[in-house]
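Keep in mind it's a predicted model, so treat the numbers as computed, not measured.
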Amino acid sequence: MASMLESLFGRVNGSRQTAIIAVGVAATVAVLALSRWATAPTFVPLYTDLPLESAGAVTDKLTEAGIAFQLRNAGSSILVPSADVAKARVALAREELPGTGRPGLELFDKPTWGMTDFTQKVNYRRALEGELERNIGKMQGVERVQVHLALEDDKLFRKDTRDSKASVTLAMRSGETPAASTVRGIASLVAGSVSGLDVNHVVIVDERGNALTDIDDVGGVGFSSRQLTMQREVEQRLEEKAEALVSRMVGAGNARVQVAAVINFDKVERTTQSIDPEQQAIVTEQKAEILPQDGQPGASSSNTSTSYETTRSVETYSGAVGTVRKLTVAVLVADKVTITPTEDGAEPVPPAITPRSPEELARIETLVRNALGVDEARGDGMSVVSAPFDMPLLDAPIADSLPEATIVTQVMNNPKPVITIAALLVLLVLTLVMVKALRAPPAPVLPAVAETPALTAPSTPAATAALTSGSADSSDADDDAIEVAKRPVKLPPPATTMEREQAIATVEQRPDAAVRVTRAWLRS
């Protein structure tokens with residue numbers, strides 16, 4: 001290696017030597033930087049949108065556990081190496097981190113000597129709020145939650161008693177509005193955890209301040225969103241029931257059903273008291289009687305009275321809420337499509353579309369009436385219509401919902417190996433090009449000097465003189481040999497017997513000179 005470097009530096013001048021050294025240093029630095037970047041760990045988020053009061057405790061615990069971390073987004077996001085995510089979560093879970101910042105029932109783990117009744121009540125309310133925040137925060141999709149309770153004490157008189165209330169601020173990870181079922185579940189959880197709290201007194205809002213609960217349900221006035229949801233659920237259920245039944249007759253996708261339902265949300269409580277004068281019953285009876293006395297003048301008397309009460313009946317009626325008052329059903333059925341098969345090479349025949357017969361529409365109407373309970377006496381209405389649908393092309397390819405994973409997608413998901421290999425190849429090519437450009441041309445190889453006149457042609461007197469004169473200068477002989485090699489070669493005449501013997505003797509005496517002359521002839 002050292003001899004190669006000495007040979008390379010010996011062939012170039014000073015400026016090229018500096019360029020070679022600069023290229024070598026740059027290539028070394030690039031390889032080291034690229035290898036450091038390629039082997040660096042990939043940091044992934046451990047927690048995002050973390051409260052700053054909890055971020056300090058989390059970073060201290062990670063430092064204590066020897067886990068590297070990075071802070072992003074002004075300290076609200078903590079990133080750790082992908083290989084240490086599980087280790088970090090286990091270490092933080094052991095310390096119950098990250099906390100919500102609101103204590104729970106652990107407030108009562110410490111001695112409470114000397115605390116007043118008011119302090120005890122405040123700590124109890126804080127403990128309930130903290131526990132509720134923990135439970136709601138563990139639900140799927142919930143990012144942040146805050147609970148406030150307004151607890152009312154029991155009063156001596158009932159008229160002075162006020163209902164307890166609660167408010168919940170909810171933020172979802174996706175940023176979308178939570179489902180109505182999730183909101184109802186959270187309201188039921190809060191109401192069931194606090195004694196004396198009604199579910200209608202739980203108000204839930206999102207992080208933008210939009211009310212998620214039905215405020216109008218508390219007062220019971222107006223047509224609330226809960227009633228609208230109930231009406232839509234009834235209509236959707238009837239539509240699915242009728243459409244599934246009709247699709248079995250006309251084929252899947254060939255029927256559409258729309259139902260408009262009028263729901264009775266009136267809450268009726270009625271007490272009826274009726275008296276029947278024809279039906280009477282004896283309640284009390286009194287009698288008066290006169291009895292003679294034995295052996296004495298006069299008699300004794302007794303009075304009896306009877307009381308009657310007319311029969312009466314008391315009836316209390318409470319009407320059911322959510323009964324169907326009226327139904328209007330519309331059924332749209334697709335026309336029949338007949339496809340005529342074609343032979344090979346023939347032009348395709350367009351499909352024939354024919355409306356459905358009145359008898360078939362009547363059967364569908366009867367079937368739907370019986371399935372949904374349509375009652376004309378109640379004022380229900382129904383119509384069945386046949387019409388052509390927009391059918392897709394039969395030969396059109398169906399696109400996949402998800403694209404297949406290609407090599408480009410995989411490279412974009414994990415670009416580090418590809419970038420590393422490409423950078424190394426480019427660096428290798430640049431190094432080879434620079435070394436080739438800096439390399440000096442090789443020195444020309446001089447032909448050997450002809451030293452024997454017996455082996456040369458008659459037209460080479462310089463070579464003959466070099467062979468006959470043993471003390472001649474070698475450099476002059478080399479120059480003469482080069483000039484001889486450059487001249488056109490002329491074949492000598494056939495040698496005589498004396499010349500042949502003289503050449504053999506010269507080769508035996510000076511074989512090295514004969515070899516050089518022969519090489520010069522071959523190069524020429």
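- Looking at Met172 and Val142, their side chains come closer than 4.5 Å, going by heavy atoms from C-beta outward.
- With sequence neighbours left out, Lys87 forms a side-chain hydrogen bond (donor to acceptor under 3.5 Å, both in side chains) with no residue at all.
- Remark: Val25 engages Ile21, Val29 in a side-chain contact (heavy atoms from CB on, under 4.5 Å) (not counting sequence neighbours).
- When atom types are taken as modelled, the side chain of Asp84 and the backbone of Val80 share no donor-acceptor pair closer than 3.5 angstrom.
- With sequence neighbours left out, the side-chain contact (heavy atoms from CB on, under 4.5 Å) criterion links Ala179 to Ser181, Thr182.
- For Arg125, the side-chain hydrogen bond (donor to acceptor under 3.5 Å, both in side chains) partners at least two apart in sequence or on another chain are Glu129.
- Among residues two or more places apart in sequence or in another chain, the side-chain hydrogen bond (donor to acceptor under 3.5 Å, both in side chains) test is passed with Asn73 by Ser77.
- In this structure, Lys165 has no salt bridge (Lys or Arg N to Asp or Glu O under 4.0 Å) partners at least two apart in sequence or on a different chain.
- Residue pairs meeting the salt bridge (Lys or Arg N to Asp or Glu O under 4.0 Å) criterion with at least one partner in residues 190-209, sequence neighbours excluded, are Arg144-Glu207, Asp206-Arg208.
- Considering all non-hydrogen atoms of both residues, Val203 and Thr213 come closest at CA-OG1, 3.7 Å.
- Not counting sequence neighbours, the partners of Ser188 by the side-chain contact (heavy atoms from CB on, under 4.5 Å) test are Val199.
- Among pairs with a residue in residues 228-237, those fulfilling salt bridge (Lys or Arg N to Asp or Glu O under 4.0 Å) read Arg232-Glu235, Arg232-Glu239, at least two apart in sequence or across chains.
- Every salt bridge (Lys or Arg N to Asp or Glu O under 4.0 Å) that Lys121 has, sequence neighbours left out, goes to Asp117, Asp153.
- Remark: Thr119 pairs with Thr116 by the side-chain hydrogen bond (donor to acceptor under 3.5 Å, both in side chains) rule, at least two apart or across chains.
- Counting only distance, with no hydrogens or angles, the side chain of Glu133 and the backbone of Val147 share a donor-acceptor pair below 3.5 Å.
- Residues passing the side-chain contact (heavy atoms from CB on, under 4.5 Å) test with Leu71, sequence neighbours excluded: Thr59, Phe69, Ile78.
- Interatomic distance, CD of Glu243 versus CG of Asn254, reported as 10.5 Å (0.5 Å rounding).
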